[in-house]
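Worth saying up front: this structure is predicted, and the values here are computed from it rather than measured. Just follow the structure's listing: the first ligand is 1, and inside any ligand the first atom is 1.
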Amino acid sequence: MKFIDGMDLSGKTILVRVDFNVPLKDGRVQDETRIQASIPTLKYAMKQNARLVLCSHLGKPKGRKMPELSLAPVAERLGSILGMNIPLAPDCIGEQTREMVNGLESGGVLMLENLRFHPGEEKNDDDFSKELSRMGEVYVNDAFGVSHRAHASVVGVTRHMSSCLGGLLLKKEWEYLSKVGDPARPFVLIAGGAKVSSKLGVLENLLDKVDAMLIGGAMANTFIKANGYSVGTSRVEDDLLDKAREIMQKAMDMNVQFYLPVDFMLGQGPDAESGEGVCPFQGIPAHLMALDIGPATCTLFSEVLHRAKTVIWNGPMGAFENRPFSQGSRNIAEIAAGLQATTIVGGGDTDALIHELKLQDKYSFISTGGGSFMEFLEGKTLPGFKALEECIN
Ligand code: ADP
Ligand code: MG
């Protein structure tokens, strides 16, 4: 795979797949994090006097033109960030769009309209891919967040370009997430969140790579129950008890330290106004839920984390959206932020938690991908990466 840095792009027209799928409110961009994430790549190419043609999807128009999902507000916000006017093409393909691309000056930027207004985008349709490929000479993928999708702008288009590169954001994701293959040790995974089922692939793939796993969140309940203890009314996945036992056995066989919570904060339910106190893992009452890890668990996890050289974290330790059940997640976020280690975080809720605590600058890397982050950790080859590797350039 080749990346954009070190490449001579001067005078070239570059088709850049960005992830500008931002939240909108009243026709305005509500959160510009994803736009900001693309700025290093855009500035790099602009400095080289390339012509930039940007393409992205926004929301789920399902192959139909929906004016409320136009990228116009995004083009406007990007323009104010870069301090220039950024025109929006009426479509992402077609003659009129081609003319606008041809009219670009060097260092200029053009935004194409929502890719998903065409059904061919999500279908990875070859004709659509070919049409899209006519909008540039060099293709750059800087959209890690959609790189697990075999869509036309991620995969199909690369078959019709003579040169395909990864952008700077893609490179950063690749470099940090690749540490999984050759980590500084001890290497510790913190896994939490709502369900074992959605994290099963990650747990299984990382079992032979990590030195320790720290399990929190509702998924810990399934493991606690699998060990024969009652979990009261806690969220639990009864169909995964055997699987949970299998994972714990494998961990033992492989000499991976597998830590479950030793105490819990209890409550009536995730939305309860207050907690019902802390109890040890063997003592969850029949009528209550385990909604957060307790203080003894935080101390235990802290000891393991302080020895770590590489930490990957996905999934909050409890029902953190509600203050009474947020302390465990807050504690772990503070502890991980203070480590002298490479700390990598992914997942929408975990990311939100860290931003809420304003700790984002204290981590080595926060992934911009949700699904793509998880699939990478599951050991899958992302279609977007594969397409870049296979592009003949
Ligand atoms: P991420 O988005 O970071 O991958 P998940 O979506 O897997 O994380 O999990 C986050 C969700 O899990 C949150 O909504 C949180 O309230 C919920 N959760 C975590 N622990 C518990 C628990 N003990 N009981 C109920 N819900 C929990
Ligand atoms: Mg989530």
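Here the CG-CG distance, from Leu54 to Leu112, works out to 7.5 Å after rounding to the nearest 0.5 Å.
Residue contacts with ligand 1: Ser198 is placed with no nitrogen or oxygen under 3.5 Å of a nitrogen or oxygen of the ligand (distance criterion only). In terms of polar-atom proximity, Asp351 is not counted as a contact of ligand 1, lacking any N or O under 3.5 Å from an N or O of the ligand. Taking only nitrogen or oxygen atoms, main chain and side chain alike, Gly192 does not reach within less than 3.5 Å of ligand 1. Considering both main-chain and side-chain atoms, Ala290 comes within under 3.5 Å of ligand 1 through a nitrogen or oxygen pair. Some N or O of Glu321 is nearer than 3.5 Å to an N or O of ligand 1, by distance alone.
The closest donor-acceptor contact from the side chain of Asn49 to the backbone of Gly107 lies at 3.5 Å or more, if one exists at all.
Counting heavy atoms closer than 4.0 Å to ligand 1, residue Asn314 contributes side-chain atoms (C-beta onward) but none from N, CA, C or O. Neither the backbone nor the side chain of Lys195 comes within 4.0 Å of ligand 1, counting heavy atoms alone.
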- Message: Quick one, Glu137 with Arg51, criterion salt bridge (Lys or Arg N to Asp or Glu O under 4.0 Å). Give me CA distance, side-chain angles, the key distance, then yes/no.
- Response: CA-CA 10 Å; Glu137 300 162 83; Arg51 300 175 172 84; 5.8 Å; no

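Across all non-hydrogen atoms, the minimal contact from Ala143 to Ser147 is O-OG, 2.9 Å. Between Arg235 and Met289, the shortest heavy-atom contact is N-CE, 3.9 Å.
Atom OD2 is the N/O/S atom of Asp349 found closest to the Mg ion (ligand 2).
Under a cut-off of 6.0 angstrom, the local environment of CZ in Arg323 is sparse, with at most 12 non-hydrogen atoms contributed by other residues, nucleotides or ligands. In this structure, Gln96 places its CD atom where only 12 or fewer heavy-atom neighbours from other residues, nucleotides or ligands lie under 6.0 Å away. More than 12 heavy atoms of other residues, nucleotides or ligands lie within 6.0 Å of CD in Glu68, so this atom counts as buried by the packing criterion. A 6.0 Å sphere centred on CD of Gln30 holds more than 12 heavy atoms belonging to other residues, nucleotides or ligands.
Regarding atom 7 (O) of ligand 1, its nearest protein heavy-atom neighbour is Lys199 NZ, 2.7 Å. Arg235 CD, 3.8 Å is the protein heavy atom nearest to atom 25 (C) of ligand 1. Here the protein heavy atom with the shortest distance to atom 1 (P) of ligand 1 is Asp349 N, 3.6 Å. Ala218 N, 3.4 Å is the protein heavy atom nearest to atom 21 (C) of ligand 1. For atom 3 (O) of ligand 1, the closest heavy atom belonging to the protein is Thr350 OG1, 2.5 Å.
Residue contact check: Gly217 has heavy atoms under 4.0 Å from atoms 20 (N), 23 (N) of ligand 1.
Contact between Gly318 and ligand 1 is present, with at least one heavy atom of the residue lying under 4.0 Å from the ligand.
Distances from atom 9 (O) of ligand 1 to the heavy atoms of Ala191, Gly193, Ser329 show the closest one on Gly193. The heavy atom nearest to atom 8 (O) of ligand 1, considering only Gly347, Pro316, Ala194, Ala319, is found in Pro316.
The aromatic rings of Trp174 and Phe376 stand perpendicular to each other, their planes meeting at an angle above 60°, with 30° marking the opposite boundary.
Under a hydrophobic clustering in which Ile, Leu, Val, Met, Phe, Trp and Tyr are joined whenever their side-chain heavy atoms come within less than 4.5 Å, directly or via other members, Leu168 and Val109 fall into the same cluster.
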